[in-house]
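Here's the structure, in structure tokens; my notes come after.
Small disclaimer: the values here were computed from a predicted structure and weren't measured.
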Amino acid sequence: MRVLAPPVERSQDTRIGAPAWREAAQALSRTAHILTDRCGQEAVTMWQPKDSVLDPNLAHHLGRAAYIQPWRFRVEMLKGGGTVEKPPPGEGVTLWKGKMKPPAWYARLPLPLHRKARALQTTEVVHAHARGARLTAARLGRAQHQINGRVRQLLRQREVTDHRLSEVRKGLLINQQSVKLRGYRPKSEKIPDKADSMLTWEKEELKSMKRKMEKDMEKSEVLLKTLASCRDTLNFCFKERLQAVDLMNQPLDKVLEQAGRHSWVNLSRAPTPRTQGQKTPPPDPVGTYTPECALALNEAKRLLVESKDTLVEMAKNVVDVQEQQLQISDRVCASLAQKASETLELKVSALPAAAGKDGTGEEKGTGNQRYPPALPCPQERLTMTLGLMRGTIHRCTKYNQEMYTTHGLIKGPLSKVYLETGEKLDRPLVRMYQRHVGTQLPEAARLAQGTDKLQRHITHLEKNLDELLATHKNLTWGLNCKTIGHEVDGSVVRLRLRQRQPHVCYEQAQRLVNDWDPRTPPPRSKSSTDP
């Protein structure tokens, strides 16, 4: 028999499934939805920055509008009343058609082109290093070129200074030659004068110039060695920089022009279209501009400035020494020429005074002159004066001989056999009257007095004749000495003018000094006095 169950009370929930079953299904679906949203959001945030994630509290369309709002153009008012649309500032690609500018995209994960991007970045670093090495090499090469030019200038200036030093040394030899040649004068002409003082002064000045030139040569030699060392350092750094450059697609001068400067040491900068050049980078031990390169370039800059001042000083010293040496030589030659002129004037002016008296010691009157008051030239005047003195000496000698003859005639004959026996004092008349005291004859006394007076006059005449002969000899010797002194001073002047010519080298002047022997004067010949 069928048994029926009692009816269940009717409820509001008409679903058949159990609530637990349904809640389990809902929980599973909610978990799947949350996981899907989280994974999607995390996937998006892996490809864009965090600030680009939408706000979860806003609706999707509202959040997207709020996110895109900063990308849109901004309208700005102009002063005239108009408007203009400008993109927002910052990096990114401007979409002018859509009037939007999204911000720059920064991926947090490597993109598919990551390897190519890294390769491009590596290539840029390599290229930048190569460009830096090439620029540094160009600057080092230009500095080396400037140092080479300064070395050549210094070598040329050293040649000029060495030539001037040889001229100063040749001047010392010429001074020594002049002193030796003036030592051949007679003793009476060796009295110290201003010409000797000028030669001594010239010697001291030339020694001072020689020391000055030698100091310049020593200073330039030290500077030349320093420049050569700096050039070697620059060359080493230059070759070391070039090792990092594989392809030199541009010349080094073009690299310097692109850098906006003509020289790395910035001493002679050429005008370029670019107003601002690249600044000197700080030294980097691992970069292209190493501290060694910086030190070498700074040393090159210092040496260029120092060598420039040294070259200017050496050139000024050469010009000053040349002018001073020429002035000193001209003054010495002028003093020697003046001494020769004074010797000639003294020789000419002393001749009339020496010939102004005759052998009797009486001055010649104006009414009975034996020579004209003015002669054509000093040589004829000298010849006529010496001739007049010789004539006076001859007349005095003849007059002395006549005095001796007169003296003999006064004394009378010496033998009884002479025909002139009446001239003797032992004749009979004289004997007879000479016996008595009161009859002393005046003949003997007067003859004795006349003989004594004649003897005194003869003695005085012989004394005058000896003085005339001695004066004539001294005058002839003095005139010869003056002639020799005049010729020697003139020879010294001609020697100095000839030896200081540029074609006469130091070795020729040195051989001339070594060939001379002061103890044996050179022979007085026409060739030795020619200029």
Side-chain angles (χ1 to χ4, degrees), residues 150-184 190 192-228 303 306-339 488-489 491-518 522 531:
R150 192 53 53 85
V151 168
R152 289 192 295 269
Q153 293 178 3
L154 190 59
L155 288 175
R156 288 194 295 267
Q157 187 61 42
R158 275 177 59 85
E159 291 179 358
V160 176
T161 305
D162 184 68
H163 176 70
R164 180 49 47 192
L165 180 59
S166 65
E167 291 293 327
V168 172
R169 290 173 177 171
K170 188 177 74 174
L172 287 172
L173 290 179
I174 294 174
N175 181 272
Q176 185 179 357
Q177 294 170 8
S178 303
V179 173
K180 282 188 177 182
L181 188 57
R182 295 197 83 221
Y184 298 147
K190 289 185 179 180
D193 52 7
K194 291 184 179 180
D196 296 329
S197 302
M198 290 294 293
L199 287 173
T200 304
W201 171 70
E202 182 192 25
K203 183 178 180 181
E204 297 298 329
E205 291 294 329
L206 289 176
K207 285 184 177 179
S208 177
M209 297 178 194
K210 179 183 175 183
R211 289 192 294 268
K212 187 176 182 180
M213 292 288 97
E214 287 176 350
K215 288 182 180 179
D216 288 344
M217 291 296 292
E218 293 175 359
K219 184 178 179 181
S220 62
E221 183 179 3
V222 173
L223 184 59
L224 189 63
K225 292 180 179 178
T226 308
L227 286 172
L303 289 177
E306 182 180 355
S307 59
K308 182 179 180 181
D309 298 338
T310 303
L311 286 173
V312 172
E313 182 180 0
M314 290 178 65
K316 182 177 180 299
N317 291 339
V318 168
V319 175
D320 294 344
V321 168
Q322 184 178 3
E323 294 179 356
Q324 187 178 0
Q325 184 179 3
L326 185 60
Q327 292 177 0
I328 292 174
S329 180
D330 291 340
R331 290 182 62 181
V332 173
C333 291
S335 64
L336 291 172
Q338 184 179 358
K339 176 63 185 302
V488 168
D489 289 337
S491 300
V492 171
V493 174
R494 290 190 295 272
L495 176 68
R496 293 178 62 87
L497 294 178
R498 182 173 62 250
Q499 291 293 323
R500 77 178 186 180
Q501 295 299 324
H503 64 272
V504 179
C505 61
Y506 174 78
E507 288 75 11
Q508 295 178 358
Q510 191 174 17
R511 286 197 300 268
L512 182 60
V513 173
N514 294 334
D515 293 341
W516 279 4
D517 187 4

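Between Arg500 and Leu497, the shortest heavy-atom distance links the atoms NH2-CD2, 3.6 Å. Residues Ser335 and Ala195 come closest through the heavy atom pair OG-CA, 4.4 Å.
With a 4.5 Å cut-off on side-chain heavy atoms, Lys194 and Gln338 do not count as touching. Looking at Met314 and Leu154, their side chains come closer than 4.5 Å, going by heavy atoms from C-beta outward. Two residues are said to be in side-chain contact when any heavy atoms from C-beta on lie closer than 4.5 Å; Gln157 and Ser220 fail this criterion. By the 4.5 Å heavy-atom criterion applied to side chains, Arg182 and Lys339 are counted as neighbours. Between Leu224 and Leu155 there is a side-chain heavy-atom pair separated by less than 4.5 Å.
Partners of Arg164 by salt bridge (Lys or Arg N to Asp or Glu O under 4.0 Å), not counting sequence neighbours: none found.
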Starting from the C-alpha separation in whole Å, work towards a yes-or-no answer on side-chain contact (heavy atoms from CB on, under 4.5 Å) for Val493 and Asp489. CA-CA 6 Å; Val493 174; Asp489 289 337; 5.6 Å; no
Which is it for Asn317 and Glu313 under the side-chain contact (heavy atoms from CB on, under 4.5 Å) test, yes or no, and what are the steps along the way? CA-CA 6 Å; Asn317 291 339; Glu313 182 180 0; 3.7 Å; yes
If you apply the rule side-chain contact (heavy atoms from CB on, under 4.5 Å), what do you find for Ile328 with Met209, and how did you get there? CA-CA 12 Å; Ile328 292 174; Met209 297 178 194; 3.4 Å; yes
Yes or no on salt bridge (Lys or Arg N to Asp or Glu O under 4.0 Å) for Glu214 and Arg169, after CA distance, side-chain angles and deciding distance? CA-CA 11 Å; Glu214 287 176 350; Arg169 290 173 177 171; 3.6 Å; yes
Trace of the side-chain contact (heavy atoms from CB on, under 4.5 Å) decision for Ile174 with Lys170: CA-CA 6 Å; Ile174 294 174; Lys170 188 177 74 174; 4.3 Å; yes
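Put simply, the residue from Leu181, Leu336, Asp330 that forms a side-chain contact (heavy atoms from CB on, under 4.5 Å) with Arg496 is Leu336. Just one residue in the list Lys180, Glu202, Glu205 forms a side-chain hydrogen bond (donor to acceptor under 3.5 Å, both in side chains) with Asn175, and that residue is Glu202.
Between the side chains of Arg158 and Thr161, not a single donor N or O lies within less than 3.5 Å of an accepting N or O. Judged purely by distance below 3.5 Å, without hydrogens or angles, the side chains of Glu167 and Gln325 never pair a donor atom with an acceptor atom. Side-chain contact, Gln153 with Arg150: a donor N or O sits under 3.5 Å from an acceptor N or O.
Note that CG of Leu227 is 5.0 Å distant from CG of Leu303, once rounded to the nearest 0.5 Å. Here the CG atom belonging to Leu206 is positioned 11.0 Å from the CZ atom belonging to Arg211, to the nearest 0.5 angstrom. Rounding to the nearest 0.5 Å places NZ of Lys210 at 13.0 Å from CE of Met217. Rounded to the nearest 0.5 Å, atoms CE (Met213) and OG (Ser166) are 11.5 Å apart. Here the OH-OG distance, from Tyr184 to Ser491, works out to 12.0 Å after rounding to the nearest 0.5 Å. In this structure, NE2 on His163 lies 11.0 Å from CD on Glu159, to the nearest 0.5 angstrom.
Here the side chain of Asp196 pairs no donor or acceptor atom with the backbone of Leu199 at under 3.5 angstrom. In this structure, the side chain of Ser208 does not engage the main chain of Glu204 through any donor-acceptor pair within 3.5 Å.
The neighbour count for Lys190 NZ, taken as heavy atoms of other residues, nucleotides or ligands under 6.0 Å away, is above 12.
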